[in-house]
Amino acid sequence: MREKVFVALVAVALGFSLNRIGFSSWDEVHAMFLFSDLRLFLTFASAVGFLAVAWIAVRRVSRPRWAPRPIHRGTVLGGALFGLGWAIAGACPAVALVQIGEGQLGALFTLGGVLLGNLVYSVVHERWLRWDTARCDT
Amino acid sequence: MTERWPFWAGGLALAGVMLLHWLTVHRMMSVSSRFSAVVDRVRWGRAEPVEALSPEELREALLAATQAEAGVGVPAPPASLPVPQEGIRPPQPVSTHLLFLGGLGVGGLLGATLSGTFSVTTLLRSSELEALAGGSGPGQAALLVGGGALVGFGTRMAGGCTSGHGLCGVSRLQPGSLLATAAFFGVGVAVSFALAGLT
C-alpha cells in the first residue's frame with residue numbers, strides 16, 4: 001500500500017513536470033530536435049547532471065544493487081526506431097499519457113500505438129530474436 | 001505559449017522525480033518497462049507469486065525461462081546447484097503499473113489546469129503536426145498510431161526509453177544507455193529535419 005502511494009505521487013509529479021517543461025508539446029519537442037529552441041535539450045542535460053551528482057551521493061551512504069545496462073543487439077536499432085517514432089508522434093511513452101491528461105485526446109491514438117508496438121516486439125522477440133535486452137527497473 | 005520553467009528548474013524537477021522514485025520505490029524509474037509489464041499481463045495472465053513455489057517448481061520455472069530466452073538446447077542445471085533465494089524481487093502487480101500510468105495523466109491534467117491551458121481537443125494541439133497531416137484528422141490519427149507503434153516497438157527492443165536509458169542510465173554512464181540515447185536523439189533530430197523539409 002505504501003509503495004502504491006509513492007508510485008502514484010512520483011507519477012503525478014513526473015506528469016506535472018513534463019507538462020510545465022513543455023515536453024508534452026509536439027511543437028516544442030520539434031523546436032528541440034530542430035535546434036531552434038535549446039531549452040528542452042538543456043533541461044534534459046541538466047537533469048542528467050543533477051542525477052549523476054545524486055547517484056554519487058546515494059553510493060556514498062549505501063550500496064545500491066543496480067543492474068548494469070550493457071550494449072546488446074537491440075540497443076542501436078531499438079533506440080533508432082524509438083527516435084523515429086518520437087519525431088513523428090511527438091511523444092515518448094510517458095508523454096502520451098500526459099497529453100491525454102492535458103485534454104489532447106489525439107494522444108489516445110499514440111497510446112494505442114505504443115501498446116501495439118510493445119506487443120508486436122514481444123512476439124517478434126520470442127519467435128526470432130531472443131537476445132537479452134536487460135531491464136531498466138532494477 | 002504559456003510560461004515554461006527555465007531549463008535548470010526543469011532539470012532539477014526531472015532529476016528530483018527520478019531520485020524520489022529510487023528512494024521510495026527502490027527501483028529505477030522506467031516507464032517503458034511498465035508498458036511491457038502491462039502488455040505481458042494481458043498476454044500471459046497473472047503470474048504466480050514467487051513465494052508460493054517450492055524450490056523444485058522454482059528450478060523448473062527458471063529452466064523454462066532460460067530455455068525460452070536462449071533456446072531449448074540449454075541443459076538443465078545439476079540438482080546440486082542451489083536455487084537463488086535472495087535477490088529475486090517479486091514484480092509489482094499490474095495495478096501498481098496502471099496506477100503509475102494513470103498518475104502521469106493526472107499530473108498532465110494538474111499542470112494544464114493550474115496553468116490555465118486545459119482544454120479538450122480531439123487531436124494534438126500542434127500547428128506543425130496539423131500541417132504535416134495535410135489538415136486531415138484521420139491523417140493525424142494515422143501518424144500518431146504509426147509513430148506510437150514505433151515508440152512501443154523501439155523502446156522494448158532497446159530495453160528502455162527516455163527515463164530508464166536517457167536519464168537514469170546516462171547519468172550512471174551505462175554503455176547501453178549512452179548508445180541507445182545517442183541513437184534516439186540522433187534519429188529524432190534527423191527525422192525532424194526531414195519532416196520540416198516536407199511541410
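Just so it is clear: chains get the letters A, B, ... in the order the sequence lines come, proteins before strands, and each one is counted from 1.
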Whatever's closer than 4.5 Å to a heavy atom in chain B on Ser62(A) counts as neither
Chain A shares the most heavy-atom pairs under 4.5 Å, among Ala142(B), Ser192(B), Gly10(B), Ala180(B), with Ser192(B)
Between the CH2 atom in Trp26(A) and the CG atom in Leu143(B), the distance rounded to the nearest 0.5 Å is 8.5 Å
Of Asn118(A), Leu105(A), Leu115(A), the largest count of non-hydrogen pairs under 4.5 angstrom with chain B goes to Asn118(A)
Honestly, the part of Leu173(B) sitting under 4.5 Å from a heavy atom of chain A is neither
Highest number of heavy-atom pairs under 4.5 Å with chain B among Asp27(A), Ile71(A), Ile88(A), Val48(A) belongs to Asp27(A)
Counting heavy-atom pairs under 4.5 angstrom with chain B, the leader among Leu97(A), Leu18(A), Leu111(A), Leu81(A) is Leu97(A)
Under 4.5 Å to a heavy atom of chain B? For Ala91(A) that would be backbone
Okay, Ser24(A) and chain B: the region with an atom under 4.5 Å from a heavy atom over there is neither
CD (Gln104(A)) and CG (Leu123(B)) are apart, to the nearest 0.5 Å, by 10.0 Å
- Item | Side-chain heavy atoms of His72(A) within contact of Leu179(B), under 4.5 Å | no
**Request:** Taking the six-membered ring for Trp and the single ring otherwise, decide whether the centroids of Phe50(A) and Trp8(B) are under 6.0 Å apart.
**Result:** no
Counting heavy-atom pairs under 4.5 Å with chain A, the top scorer among Ala194(B), Ala182(B), Ser127(B) is Ser127(B)
Most contact-rich option vs chain A, by heavy-atom pairs under 4.5 angstrom, among Val120(B), Val31(B), Thr181(B), Val145(B), is Val145(B)
Q. Do Val58(A) and Trp22(B) have side-chain heavy atoms sitting under 4.5 Å apart?
A. yes
Q) Taking the inter-plane angle between the rings of Phe185(B) and Trp86(A) on a 0 to 90° scale, is it parallel (under 30°), tilted (30 to 60°) or perpendicular (over 60°)? A) tilted
If you tally heavy-atom pairs under 4.5 Å between each of Leu14(B), Thr121(B), Val191(B) and chain A, the highest tally belongs to Thr121(B)
task: May I ask whether Leu9(A) and Leu98(B) are part of the same hydrophobic cluster, defined by side-chain heavy atoms of I, L, V, M, F, W, Y residues being less than 4.5 angstrom apart, directly or through others?
output: no
Value for NE2 (His30(A)) from CZ (Phe193(B)), rounded to nearest 0.5 Å, stands at 11.5 Å
Residue from Ile100(A), Leu116(A), Val95(A), Leu119(A) scoring the most non-hydrogen pairs under 4.5 Å with chain B is Leu119(A)
- prompt: Would a distance-only check, ignoring hydrogens and angles, find a side-chain to backbone donor-acceptor pair under 3.5 Å from Arg4(B) to Asn19(A)?
  reply: yes
Turns out that what part of Val124(A) lies under 4.5 Å from chain B's heavy atoms comes down to side chain
Output a table of donor-acceptor pairs, distance under 3.5 Å, between side-chain atoms of residues 100-112 of chain B and any protein atom two or more places apart or on a different chain; print 'none' if there are none.
none

The interface call for Ala141(B) against chain A, heavy-atom contacts under 4.5 Å, is both
Most contact-rich option vs chain B, by heavy-atom pairs under 4.5 angstrom, among Ala107(A), Pro64(A), Gly90(A), Ala94(A), is Ala94(A)
Beyond-backbone contact of Leu19(B) with Trp55(A), side-chain heavy atoms, under 4.5 angstrom: yes
Looking only at Pro93(B), Gly146(B), Gly16(B), Pro175(B), most heavy-atom pairs under 4.5 Å shared with chain A are made by Pro175(B)
| said: Any non-hydrogen side-chain atom of Phe6(A) less than 4.5 Å from a side-chain atom of Leu23(B)? | reply: no
Bottom line for Gln140(B): the part with an atom under 4.5 Å from chain A's heavy atoms is neither
Residues of residues 31-39 of chain A with a heavy atom under 4.5 Å from any heavy atom of chain B, in residue-number order, are Met32(A), Phe33(A), Leu34(A), Phe35(A), Arg39(A)
Okay, Val123(A) and chain B: the region with an atom under 4.5 Å from a heavy atom over there is both
So, the part of Leu114(B) with a heavy atom under 4.5 Å from chain A: the answer is side chain
Point to revise | Centroid separation Phe7(B) to Phe41(A) less than 6.0 Å | key: no
### Minimum side-chain heavy-atom gap Met18(B)-Leu14(A) below 4.5 Å
yes
State, with a plain yes or no, whether a side-chain heavy atom of Val151(B) is found less than 4.5 Å away from one of Cys92(A). no
The remaining residues in the hydrophobic cluster of Leu63(B), counting side-chain heavy-atom contacts under 4.5 Å among Ile, Leu, Val, Met, Phe, Trp and Tyr, are none
Turns out that what part of Val189(B) lies under 4.5 Å from chain A's heavy atoms comes down to both
Turns out that what part of Ser119(B) lies under 4.5 Å from chain A's heavy atoms comes down to backbone
If one checks every heavy atom of Leu42(A) against chain B at 4.5 Å, the contacting part turns out to be both
Cut-off 4.5 Å, heavy atoms of chain A, and the answer for Leu195(B) is side chain
- Test item: Glu3(A) and Gln92(B) side chains (from C-beta on) under 4.5 Å apart, heavy atoms: yes
Taken to the nearest 0.5 Å, the spacing of Leu84(A) CG from Leu150(B) CG works out to 5.0 Å
Applying side-chain contact (heavy atoms from CB on, under 4.5 Å) to Ala9(B) and not counting sequence neighbours gives Trp5(B), Pro6(B)
Honestly, the part of Leu77(A) sitting under 4.5 Å from a heavy atom of chain B is both
Under 4.5 Å to a heavy atom of chain B? For Gln99(A) that would be side chain
_Cation-pi check for Trp66(A) against Arg172(B): NZ or CZ below 6.0 Å from the six-membered ring centre and within 45 degrees of the axis, yes or no?_
yes
So, the part of Thr162(B) with a heavy atom under 4.5 Å from chain A: the answer is both
Between Glu126(A) and Arg43(B) (salt bridge meaning N to carboxylate O under 4.0 Å), is one present in this structure?
yes
Chain B shares the most heavy-atom pairs under 4.5 Å, among Ala13(A), Pro93(A), Ala8(A), with Pro93(A)
Is the side chain of Arg20(A) donor-acceptor paired with the backbone N or O of Ser115(B) at a distance under 3.5 Å, no angle test?
-> no
